[in-house]
Number of protein chains: 2
Amino acid sequence: MRVVIAKCSVDYAGRLTAHLPTADRVLMIKADGSVLVHSDGGSYKPLNWMTPPCTLSVSEPDEDQRAAGFTEIWTVTQAKTDDRLVISIAEVISETVHDLGVDPGLVKDGVEAHLQELLAEHIESLGTGYQTVRREYMTAIGPVDILAKDALGTSVAIEIKRRGGIDGVEQLTRYLELLNRDPLLSPVSGVFAAQEIKPQARALAEDRGIRCVVLDYDALRGMDDPETRLF
Amino acid sequence: MRVVIAKCSVDYAGRLTAHLPTADRVLMIKADGSVLVHSDGGSYKPLNWMTPPCTLSVSEPDEDQRAAGFTEIWTVTQAKTDDRLVISIAEVISETVHDLGVDPGLVKDGVEAHLQELLAEHIESLGTGYQTVRREYMTAIGPVDILAKDALGTSVAIEIKRRGGIDGVEQLTRYLELLNRDPLLSPVSGVFAAQEIKPQARALAEDRGIRCVVLDYDALRGMDDPETRLF
DNA sequence: ATATGCATCTCGCAG
DNA sequence: CTGCGAGGTGCATAT
């Protein structure tokens with residue numbers, strides 16, 4: 001890893017073209033050759049970057065570039081896609097090099113898969129007598145998150161999202177349409193379950209007779225272990 | 001902007017929880033208080049981060065932490081969402097501070113708007129006798145990307161995407177449904193045009209009688225100016 | 001301010 | 001390897 005703070009301008013040409021006027025920026029050159037150009041704001045996304053695999057070559061400025069005050073030209077190329085990032089250096093303010101080694105990697109927890117798992121385990125929170133039939137119930141157009149049965153034995157298809165938008169309702173609608181063609185399952189009702197459901201999505205769902213359920217992640221987790229807390 | 005290379009472990013708790021074992025990493029602290037934790041690989045996405053607005057506070061390690069070899073504890077909190085990033089520093093390897101100032105910002109070119117413009121100009125690439133009626137043809141539920149007529153004078157609604165997915169087909173379907181209620185336009189056929197069309201989207205479109213067209217950005221651009229090349 | 005859609009998306013998983 | 005969906009998505013634009 002090499003971290004350089006420099007006054008520079010940047011040009012990118014690939015799927016789009018972009019230009020950054022001369023200013024002070026942080027340049028990160030990773031061990032795999034990838035390059036990130038960061039400013040002192042925004043979020044984690046760099047102003048410009050080059051994804052690996054790519055190669056960095058440093059060249060002398062031509063006459064015009066030298067006259068414009070540039071001392072070095074860095075060219076980062078990705079052989080396969082013809083993408084090209086050119087960093088014109090006017091002044092190197094600081095430079096640090098250190099071998100970080102391979103990162104041991106991170107451990108995640110708490111995404112949609114976990115929501116699905118928790119709801120499948122505590123399906124009775126949808127109503128007395130509910131039972132989970134299968135998670136990831138496969139159909140021709142993709143897997144239904146959870147297939148369940150209610151107290152009367154009627155099939156229920158459940159679509160789970162962290163944020164419930166219109167696209168999620170459309171998705172569930174397609175599943176329901178398909179599942180209801182199966183005489184062994186039909187009639188199949190729908191439940192749209194999410195941590196938050198947008199008003200338009202709720203309106204569309206209810207208009208189609210789909211029940212909306214707002215999930216409480218902490219409450220579902222609490223059913224497993226009331227002691228569980230962050231920190 | 002402050003750039004620190006340090007041996008550290010990282011814990012995040014917010015919408016999910018994540019843990020990073022102790023290793024050498026690059027820590028970027030931006031002027032707005034946001035923090036990025038980068039390793040020596042991957043692409044531009046950090047291993048962990050905190051989006052602004054947030055505040056960083058440094059504290060002494062407690063007894064256990066000191067025994068584990070940590071010398072400083074950095075806590076980054078986002079008051080509004082209760083997100084919390086804790087960086088436990090075992091050793092600072094290098095540190096650089098520099099005020100980058102406000103970035104002048106970048107200039108982009110070459111996105112979906114450009115595709116739409118190119119296709120509208122070269123609408124005959126959809127078939128002999130095609131003519132563009134209007135770009136951004138307004139309807140009650142939003143603008144149709146291009147409204148055209150074929151050689152017979154029949155209306156054609158065209159939806160353009162860079163990547164054609166199911167949602168794009170649904171969108172075009174809603175437009176077609178609406179446009180076909182207008183006796184002055186009806187019948188209106190549909191064209192789903194994209195640089196790439198996903199198989200499921202193609203299947204859905206063709207099932208609904210919507211024609212799929214894969215756009216070649218470079219070829220369309222080449223019709224304007226055969227000399228045009230990047231570099 | 002909120003909602004909607006695109007992204008040089010990135011990332012992981014399943015077929 | 002490719003396709004597909006989710007993201008602590010970020011980001012701009014229209015409403």
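Each chain gets a letter, A, B and so on, in the order its sequence line appears, and its residues count up from 1.
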Would you say a side-chain N or O of Thr51(B) is under 4.0 Å from OP1 or OP2 of dG8(D)? no

Which whole number of Å gives the distance between the C1' atom of dA7(C) and that of dC11(C)? 14 Å

Do you know which two heavy atoms are closest between Gly42(B) and Asp32(A), and how far apart they sit? O-OD2, 3.7 Å

Salt-bridge criterion met for Arg174(A) and Glu170(B) (N-O under 4.0 Å): yes

Arg25(A) with Asp103(B): basic N within carboxylate O range, under 4.0 Å: yes

Rounded distance in Å between the C1' positions of dG7(D) and dC11(D): 14 Å

Gln116(A) CD - dA6(D) P separation (whole Å): 10 Å

Starting at OH of Tyr44(B) and ending at P of dG10(D), how long is that distance when rounded to a whole Å? 10 Å

For Tyr12(A) and dT8(C), are the ring centres under 5.5 Å apart with planes inclined under 30°? yes

Quickly work out the Asn48(B) CG to dT10(C) C1' distance and round it to whole Å. 15 Å

Could you tell me the separation between the NZ atom of Lys30(A) and the P atom of dT10(C), rounded to a whole number of Å? 12 Å

Report yes if at least one side-chain N or O of Lys161(A) is closer than 4.0 Å to OP1 or OP2 of dA6(D); otherwise report no. yes

Contact class for Met50(A) vs. all strands (heavy atom < 4.0 Å): base, sugar-phosphate, or nothing? nothing

Check the distance between dG7(D)'s C1' and Asp83(B)'s CG and give it to me in whole angstrom. 14 Å

So, Arg208(A) versus Thr173(A): side-chain donor-acceptor pair below 3.5 Å or not? yes

Within the structure shown, what part of the strands sits under 4.0 Å from Thr81(B) by heavy-atom distance: base, sugar-phosphate, or nothing? nothing

Would you please determine if the base of dG8(D) is stacked by Trp49(B), with stacking meaning a centroid separation under 5.5 angstrom and planes under 30 degrees? yes

Does any donor atom in the side chain of Tyr137(B) or Asp145(B) lie under 3.5 Å from an acceptor atom in the other side chain? no

Rounded to whole Å, please give me the gap between CG in Leu47(B) and C1' in dG12(C). 15 Å

Send over the distance from Asp145(A) CG to dC13(C) P, rounded to a whole Å. 16 Å

Rounded to the nearest Å, what distance is computed from the CG atom of residue Leu204(A) to the C1' atom of nucleotide dA3(C)? 15 Å

